[in-house]
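Each remark here refers to the structure printed beneath this line.
Hydrogens, waters and symmetry mates play no part in the numbers below; they use all other heavy atoms, side chains included. Per chain, numbering begins at 1; letters A, B, ... match sequence-line order.
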2 protein chains.
Amino acid sequence: MIMAITEISTPAALLDVPRMQRNINTMQQRMNSLGVKLRPHVKTSKCVAVVQQQIAAGASGITVSTLKEAEQFFAAGITNILYAVGMVSSKLAQAKALRDNGCDLKIIVDSLDAATAVVEFGRAHGYVFEVWMEVDTDGHRAGLKPDGDELLAVGRALHEGGMKLGGVMTHAGASYELNTPEALQAMAEQERSLCVQAAERLRATGLPCPNVSVGSTPTALAAQHLEGVTEVRAGVYVFHDLVMVNVGVASTDDVALSVLTTVIGHQKEKGWALVDAGWMAMSRDRGTQQQSHDYGYGQVCDVEGRVIDGYTLTSANQEHGILSLAGEVDSDIARRFPVGTMLRILPNHACATAAQFPEYIAVGDSGTQTWGRFYGW
Amino acid sequence: MIMAITEISTPAALLDVPRMQRNINTMQQRMNSLGVKLRPHVKTSKCVAVVQQQIAAGASGITVSTLKEAEQFFAAGITNILYAVGMVSSKLAQAKALRDNGCDLKIIVDSLDAATAVVEFGRAHGYVFEVWMEVDTDGHRAGLKPDGDELLAVGRALHEGGMKLGGVMTHAGASYELNTPEALQAMAEQERSLCVQAAERLRATGLPCPNVSVGSTPTALAAQHLEGVTEVRAGVYVFHDLVMVNVGVASTDDVALSVLTTVIGHQKEKGWALVDAGWMAMSRDRGTQQQSHDYGYGQVCDVEGRVIDGYTLTSANQEHGILSLAGEVDSDIARRFPVGTMLRILPNHACATAAQFPEYIAVGDSGTQTWGRFYGW
């Protein structure tokens with residue numbers, strides 16, 4: 001369906017396709033020049049049309065955060081899939097069903113308990129999973145210590161239990177808390193070196209470790225070299241968002257996702273305009289709250305996408321956003337943004353905001369298209 | 001589909017049906033004894049099976065936050081619908097289409113600009129909308145001042161413009177910030193008296209004002225009398241949540257919605273268990289953060305729904321929740337919650353958490369059923 005932006009029913013998730021393509025190309029070219037493969041994390045878009053563009057640009061396989069994502073993208077023809085959340089017994093039958101149908105699904109574990117569960121399932125079903133081991137390189141979430149004994153014990157348990165050892169993977173999510181090139185480069189080097197260390201320790205004991213997978217958008221865009229790494233995973237770069245702007249790896253002109261909204265009223269004495277994008281549209285993500293610039297629930301732009309400095313969504317109810325000038329009362333708010341005015345709001349966190357919508361309105365040079373996305377598990 | 005809870009794929013949104021029915025009955029009986037009608041806000045559940053139980057218990061019509069909700073519930077046979085978000089020109093055709101099909105949809109405005117837009121559309125199409133006026137009784141969001149001139153001007157503009165004046169409505173959302181019976185009763189009385197004042201001022205100028213609609217879950221459960229009010233709107237009471245527990249109008253035993261999750265790993269030295277309910281399942285809502293008890297991303301319960309004191313989701317990534325003992329390291333975490341353990345997590349904000357799921361697993365005395373819900377606009 002082709003329509004003008006002003007004909008779109010609000011709120012709506014707009015995708016600026018040229019910006020998205022630039023983001024995709026920038027990351028792919030960076031990975032090409034660093035000599036590693038790129039395995040985009042598709043949890044950001046959950047959209048086949050978006051991921052097909054990442055594949056077309058050179059991505060070799062994808063990363064997923066749910067088995068539903070694996071099923072949906074496998075149905076769309078993508079076979080090389082890493083499920084990057086720790087596997088548990090109750091999900092092994094679903095993973096096996098995907099593999100039985102031809103999906104080259106790799107699963108991960110980060111403990112002897114989880115490895116044992118995979119081995120036992122494999123034994124009971126005469127089945128070999130490809131298993132990668134998650135390594136903790138920044139202390140922010142899951143993973144085996146790269147210098148610990150359990151890493152080797154898990155590798156041995158999987159190998160001796162008949163599973164295929166696919167490699168090691170890590171995610172330096174702590175990079176989201178940084179905001180200088182020096183700190184980001186240091187985190188990228190920490191992520192790289194500790195993951196490579198884990199791989200080398202496994203190989204030194206005679207265990208196979210073909211893949212060494214690292215990544216987060218900030219470290220992927222900051223890394224100076226990736227010696228010993230075979231692939232990088234990154235997700236949010238495809239759309240970028242205000243968190244990434246604060247981290248310093250994007251500008252507002254790179255943010256490809258915005259929420260189209262309409263002004264529905266005012267509280268003039270308070271300097272508020274009320275818009276029909278509340279937290280149901282923006283999500284409750286306040287990712288910029290602790291960063292250098294707090295954008296509230298999002299940065300206000302005009303309908304063409306030009307940033308209107310100082311105006312943010314300062315508060316949100318389910319279907320009401322409160323738009324105001326940060327720090328002062330704009331007594332002219334009703335004249336500046338009359339009822340019916342359409343605006344775009346840049347999101348704090350693209351993954352969270354996109355998840356609120358059943359579809360994107362993809363805005364390209366030749367008009368608009370509707371691109372479906374899925375949700376749930 | 002009937003299945004045991006332990007066979008459910010996680011994460012999943014569980015509905016404790018007996019608790020929900022108790023919440024529905026408690027609110028309906030309270031409204032009956034206060035002598036007012038109940039018009040539940042269905043933005044909480046967005047589920048026909050849930051709303052049908054509210055109607056069966058005695059609700060007279062529903063409140064919606066989007067025109068999609070109006071369309072979905074009208075398709076399910078409910079005709080008396082109040083769309084409780086300020087109307088703008090671009091949505092009038094959609095509202096008219098609903099009414100043309102037989103839906104008794106009422107719309108709201110809270111400014112002369114919005115009223116003028118409705119009148120102009122009505123004139124252009126020879127069409128009469130039933131319009132209610134939103135009144136601001138607590139300063140937290142939208143609405144006309146009950147003692148201001150614009151209220152009367154809007155009423156006159158609608159009436160003289162040929163629209164049907166349906167009444168006045170208000171929502172004391174500021175009640176969510178209170179936590180004593182005295183403060184809640186005072187807010188309920190403020191909401192009631194100011195909304196009735198607005199109605200009386202309209203009537204004194206000769207304008208019709210048949211309906212006087214107030215409500216929020218806290219004020220609905222606190223009001224001592226509702227003289228002059230014709231109906232109450234409330235939403236979250238149907239499920240309740242931890243925000244309502246902190247407000248003091250529910251206990252954790254009243255919370256009917258929980259997220260079923262599985263332990264997928266540990267960081268033993270940190271006292272963390274990792275679960276497969278991250279913010280994609282819980283939502284990013286941190287509604288209890290500023291309240292008397294901060295539940296993080298949710299209160300941990302065992303698989304049967306019994307609260308495990310002190311354990312909450314203290315942090316969340318997209319598909320990872322970090323479960324820990326608030327304020328100290330539980331060095332026994334891996335033995336207490338082994339990999340594969342199933343748990344239920346009570347949500348901060350039921351409306352936000354429910355919105356993350358395509359369906360509820362309704363758990364009743366005779367087994368489980370899948371109840372679909374919708375999203376989007």
Side-chain angles (χ1 to χ4, degrees), chain A residues 9-12 43 65-67 85-91 94 109-111 113-114 117 134 136 139-143 173 262-267 270 274 276 278-281 283-287 315 317-320 322 334 338-340 342 349 351-352 355-359 375-377, chain B residues 9-12 43 65-67 85-91 94 109-111 113-114 117 134 136 139-143 173 262-267 270 274 276 278-281 283-287 315 317-320 322 334 338-340 342 349 351-352 355-359 375-377:
Chain A
S9 179
T10 59
K43 73 185 178 75
S65 70
T66 64
L67 289 175
V85 176
M87 180 49 78
V88 285
S89 290
S90 52
K91 293 176 179 161
Q94 195 180 353
V109 299
D110 76 342
S111 71
D113 288 349
E134 183 167 15
D136 181 10
H140 94 288
R141 194 169 73 193
T262 305
V263 176
I264 61 172
H266 302 94
Q267 291 284 11
K270 293 177 180 163
L274 293 153
D276 68 356
W279 61 251
M280 187 62 85
S283 91
R284 269 292 193 195
D285 198 296
R286 288 280 290 104
S315 182
N317 293 140
Q318 186 158 337
E319 297 291 346
H320 294 80
I322 294 179
V339 168
M342 293 180 88
H349 187 175
C351 307
Q356 304 298 101
F357 290 86
E359 61 195 21
Y375 78 135
W377 289 268
Chain B
S9 178
T10 59
K43 74 186 178 72
S65 69
T66 65
L67 289 176
V85 176
M87 180 49 78
V88 285
S89 290
S90 52
K91 293 177 180 164
Q94 194 180 353
V109 298
D110 77 342
S111 71
D113 288 349
E134 183 167 16
D136 181 9
H140 94 289
R141 193 168 73 194
T262 304
V263 175
I264 61 172
H266 303 93
Q267 292 284 12
K270 294 177 179 163
L274 294 153
D276 68 356
W279 61 252
M280 187 61 85
S283 90
R284 269 292 193 195
D285 199 297
R286 288 280 290 107
S315 182
N317 294 139
Q318 187 157 338
E319 298 290 347
H320 295 80
I322 294 179
V339 168
M342 294 179 87
H349 187 174
C351 307
Q356 304 297 103
F357 290 86
E359 62 195 20
Y375 78 137
W377 290 268

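For chain A, the nearby part of B:Val88 is the side chain; its heavy atoms alone come within less than 4.5 Å. The contact between B:Asp285 and chain A is made by backbone and side chain atoms together, counting heavy-atom distances below 4.5 Å. Both the backbone and the side chain of A:Gln356 come within contact range of chain B, judged by heavy atoms closer than 4.5 Å. Proximity to chain B involves both the backbone and the side chain of A:Glu319, based on heavy atoms less than 4.5 angstrom apart. Proximity to chain A (any heavy atom under 4.5 Å) is shown, for B:Thr10, by both the backbone and the side chain. Neither the backbone nor the side chain of B:Val109 has a heavy atom closer than 4.5 Å to any heavy atom of chain A. Contact of A:Ala281 with chain B is made through backbone and side chain together, with heavy-atom distances under 4.5 Å. Of the atoms belonging to B:Ser283, not a single heavy atom falls under 4.5 Å from chain A. Both the backbone and the side chain of A:Met280 come within contact range of chain B, judged by heavy atoms closer than 4.5 Å.
The most heavy-atom pairs under 4.5 Å with chain B, out of A:Gly139, A:Gly278, A:Pro338, A:Gly287, come from A:Gly139. Of the listed residues A:Ala334, A:Ala142, A:Ala117, the one with more heavy-atom pairs under 4.5 angstrom with chain B than any other is A:Ala142. Between chain A and the residues B:Val263, B:Asp136, B:Asp110, the most heavy-atom pairs under 4.5 angstrom are made by B:Asp136. In terms of heavy-atom pairs under 4.5 Å with chain A, the best-connected choice from B:Val339, B:Ile264, B:Asp276, B:Leu67 is B:Ile264. Chain B forms the most heavy-atom pairs under 4.5 Å with one residue out of A:Thr66, A:Asn317, A:Thr262, and that residue is A:Asn317. Among A:Arg284, A:Glu359, A:Met342, the residue making the largest number of heavy-atom pairs under 4.5 Å with chain B is A:Arg284. Chosen from A:Ala352, A:Gly265, A:Gly340, the residue pairing most often with chain B at heavy-atom distances under 4.5 Å is A:Ala352. Contacts with chain B were tallied for A:Ser89, A:Gly143, A:Ser90; A:Gly143 has the most, counting heavy-atom pairs under 4.5 Å.
We find the NE2-CD1 distance between B:His140 and A:Ile322 to be 7.5 Å, quoted to the nearest 0.5 Å. Interatomic distance, NZ of A:Lys270 versus CZ of B:Arg141, reported as 11.5 Å (0.5 Å rounding). A:Ser111 OG to B:Leu274 CG: the interatomic distance, rounded to the nearest 0.5 Å, is 10.0 Å. A distance of 9.0 Å separates NE2 of A:His320 from OG of B:Ser65, quoted to the nearest 0.5 Å. Between the CZ atom of B:Arg286 and the CZ atom of A:Arg286 there is a distance of 12.0 Å, given to the nearest 0.5 Å.
Proximity of A:Trp377 to B:Pro11: side-chain heavy atoms (C-beta onward) are separated by under 4.5 Å at one or more points.
Using bins of under 30°, 30° to 60° and over 60° for the plane-to-plane angle, the ring pair B:His349/A:Trp279 lands in the perpendicular bin.
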